[in-house]
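Here the structure comes first, spelled out in structure tokens, and everything after it is commentary.
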Number of protein chains: 2
Amino acid sequence: MDDTFGTISQWLERVFALHRNLMRQFANEEGLQLVHVEILQYLSVCNRYSDTTQAISEYLGQTKGSISQSLGNLEENGFIRKIQDKVDKRVFHLSLTTNGSSVIKRMSKFIDLDSSDTIVPELKLLLSSIQKKHGFRGFGICKSCKFNQNVGQSNFVCGLTKEKLSLDDIHKICKEHEEQSAI
Amino acid sequence: MDDTFGTISQWLERVFALHRNLMRQFANEEGLQLVHVEILQYLSVCNRYSDTTQAISEYLGQTKGSISQSLGNLEENGFIRKIQDKVDKRVFHLSLTTNGSSVIKRMSKFIDLDSSDTIVPELKLLLSSIQKKHGFRGFGICKSCKFNQNVGQSNFVCGLTKEKLSLDDIHKICKEHEEQSAI
DNA sequence: TTCAAATAGTATCGAATCTAAACTTATTTG
DNA sequence: CAAATAAGTTTAGATTCGATACTATTTGAA
């Protein structure tokens, strides 16, 4: 009973709470836990450098032990598959099965935010302001990353891995992302 | 690996995840669970019709049994107090103790979103669009509620309870809130 | 080359939360 | 005034969470 309602933070809290309730409701209807849907959602938008237990753990802010368990559950139930990296055998790449994909499609349809796109630039600003203030890095799209190099028409190279990236690639989110100095 | 990144929903997810990580980090530093901080935050902005177990349960989307347990914990540790309603003895009103208030003050300072206010109207639009689509009601500020009546300078009356509301009152959030037809 | 340190991921244990259901107490309704 | 409803608590079982230890692999430095 200290404050009145009106700051950005409080409006955000309210939207977050409502959005999470929706997600939870959807998860329940699918017979899943909230965290499972969050994992599937992340896997549907991350790139091939960021589809690992460790990356999910960083993104969702939970320990990798906990994420590992949830992943085991998701794999058992046929929502994701795990493929060992050919170069670094410690690493396993995760991806959605057809089954997992269809959950995400149903979720998008269920949540269905069709509000105007004018909020997106505001969200980007907010995001990068939070990241700067708290020294977070990672989880942006290649397009705005300082490591991303445009080497000709629709051809890109990641400066970190020296690998070629397709037009599709550069619209996924990456755990190594660092914002270009001039936004 | 189905989608690329860019829709409103995906940007929201990203901001949500980051914000929740911040909240969790803060909660950990205070020796609290995330849900405890969320409850304290809610209690700091709700009005006197909405400071109950049931209302918190609706707001956070968790069962009242679960919330009841967390509230017991918070009361034991001196963050909140419980006062029985004089009229309806089933109801207990919850409020922050000095201790609880100071947690919320530290949280605001910690999160510290100083981005421009231009995002607030966008958030309001988003919120009301989600609420309409999913038939949710409740948890808005009296100021925009169809039950709220202005009866003279800075004097308001709630059409549901017929009680007087102060200028401070009408900026808190209420579980009975219904948007005025013309936004 | 060799061996210690670092990294990715899993397994395990105790604590805490979550849901669902039964339950208590109080209020409202017919 | 009995039955239905509502607010809140309690209980039990399942799940998650965090911490720690563990395996396997890679890196790096003497």
Side-chain angles (χ1 to χ4, degrees), chain A residues 17 20-21 23-39 43 46 48-77 80-94 138 161 175-176, chain B residues 20-21 23-39 43 46 48-77 80-94 138 175-176:
Chain A
R20 192 152 47 130
N21 286 355
M23 290 274 283
R24 199 194 307 273
Q25 192 180 322
F26 171 76
N28 283 346
E29 286 175 14
E30 296 276 334
L32 294 169
Q33 297 293 322
L34 178 57
V35 68
H36 295 162
V37 176
E38 291 175 326
I39 290 173
L43 287 177
C46 71
R48 63 178 180 270
Y49 309 133
S50 315
D51 55 357
T52 63
T53 305
Q54 178 64 39
I56 298 175
S57 158
E58 282 171 33
Y59 185 84
L60 294 180
Q62 287 169 357
T63 57
K64 50 181 190 165
S66 180
I67 296 296
S68 177
Q69 278 181 308
S70 296
L71 288 173
N73 190 319
L74 284 169
E75 193 184 14
E76 239 174 66
N77 292 302
I80 61 173
R81 72 174 70 82
K82 220 184 316 190
I83 297 173
Q84 193 168 33
D85 190 284
K86 280 164 191 162
V87 179
D88 186 338
K89 285 176 181 165
R90 293 170 305 179
V91 174
F92 290 84
H93 294 279
L94 303 158
T161 64
K175 75 185 173 76
E176 306 294 348
Chain B
R20 192 153 46 129
N21 286 354
M23 289 274 283
R24 198 193 308 272
Q25 191 180 322
F26 172 77
N28 283 345
E29 287 175 13
E30 296 273 335
L32 295 168
Q33 298 293 321
L34 179 57
V35 67
H36 295 162
V37 175
E38 291 175 325
I39 289 173
L43 286 178
C46 71
R48 61 178 180 271
Y49 309 132
S50 316
D51 55 357
T52 64
T53 305
Q54 178 65 40
I56 297 175
S57 159
E58 282 173 32
Y59 185 85
L60 295 180
Q62 287 170 356
T63 57
K64 50 183 189 162
S66 178
I67 296 296
S68 176
Q69 279 180 307
S70 295
L71 288 172
N73 189 320
L74 284 170
E75 193 185 15
E76 237 174 67
N77 293 302
I80 62 173
R81 73 174 71 82
K82 220 184 317 188
I83 297 174
Q84 193 168 33
D85 190 285
K86 281 163 190 164
V87 179
D88 187 338
K89 284 176 182 165
R90 292 172 305 180
V91 174
F92 291 83
H93 294 279
L94 303 157
K175 75 186 172 78
E176 305 295 347

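These numbers come from a predicted model, not from an experiment. Hydrogens, waters and symmetry mates are skipped; everything else that's a heavy atom, side chains included, is used. Letters A, B, ... are given to chains in the order of the sequence lines, protein chains preceding strands, and every chain is numbered from 1.
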In whole angstrom, what separates A:Ile83's CD1 from C:dG9's P? 14 Å
C:dA11 OP1/OP2 closer than 4.0 Å to side-chain N/O of A:Ser68: no
Measure from the side-chain N and O atoms of A:Asp85 to the backbone N and O of A:His93, and report whether any donor-acceptor pair falls under 3.5 Å. no
Which nucleotide wins on minimum distance to the side chain of B:Val91, given the candidates D:dT16, D:dG8, C:dC18? D:dG8
Closest of D:dG8, D:dT16, D:dT9 to the A:His36 side chain is D:dT16
Out of D:dT9, C:dG9, C:dA26, whichever nucleotide has its closest atom nearest the side chain of A:Gln54: C:dG9
Taking the nucleotide of DNA chain D with the closest heavy atom to each, which residue, A:Gln62 or A:Asp88, is nearer the 5' end? A:Gln62
Report the residue (A:Val87 or A:Gly65) whose heavy-atom-nearest nucleotide on DNA chain D is the more 5′ of the two. A:Gly65
To the side chain of B:Ser66, which of D:dT16, C:dT27, C:dC18 is closest? C:dC18
Nearest-Å distance, CG (A:Leu94) to C1' (C:dA8)? 12 Å
Under 4.0 Å between a side-chain N or O of A:Thr53 and OP1 or OP2 of C:dT10? yes
So, the side chain of B:Asp51 versus the backbone of B:Cys46: is there a donor-acceptor pair under 3.5 Å, distance only? no
What is the distance from CG of B:Asp85 to P of D:dA6, rounded to the nearest Å? 17 Å
Counting side-chain heavy atoms from CB outward, which of D:dC17, D:dA7, C:dG9 is closest to B:Lys64? D:dA7
What's the CG-C1' distance between B:Leu34 and D:dT16, to the nearest Å? 13 Å
Strictly below 4.0 Å, N to O, side chains only: are A:Glu29 and A:Arg24 in salt-bridge contact? no
I want to verify a distance call: between C:dC18, D:dT16, D:dG18, whose nearest atom is closest to the A:Gln33 side chain? D:dT16
For the pair A:Gln84 (side chain) and A:Lys89 (backbone), establish whether a donor and an acceptor sit closer than 3.5 Å, ignoring hydrogens and angles. yes
Using only atom types and a distance under 3.5 Å, with no angle test, would you say the side chain of A:Ser57 pairs donor to acceptor with the backbone of A:Gln62? yes
In whole Å, what is the span from the NZ atom of A:Lys89 to the C1' atom of D:dT27? 16 Å
So B:Gln69, base contact, sugar-phosphate only, or nothing? Heavy-atom distance under 4.0 Å. base
Regarding the side chain of B:Arg24, the nearest nucleotide among D:dT9, D:dT26, D:dG18 is D:dG18
Look at all strands and tell whether A:Thr63 reaches a base, only sugar-phosphate, or nothing, counting heavy atoms closer than 4.0 Å. base
Using atom CD of B:Gln84 as one end and atom P of D:dG8 as the other, report the distance to the nearest whole Å. 10 Å
Quickly work out the B:Ile67 CD1 to C:dA20 P distance and round it to whole Å. 14 Å
Quick one: which of C:dT10, C:dT19, D:dT5 gets closest to the side chain of B:Arg90? D:dT5
Let me know which of B:Leu43, B:Asn73, B:Ile39 forms a side chain to side chain contact (heavy atoms under 4.5 Å, CB included) with B:Ile80. B:Leu43
Write down the distance between OH (A:Tyr49) and C1' (C:dT7), rounded to a whole number of angstrom. 19 Å
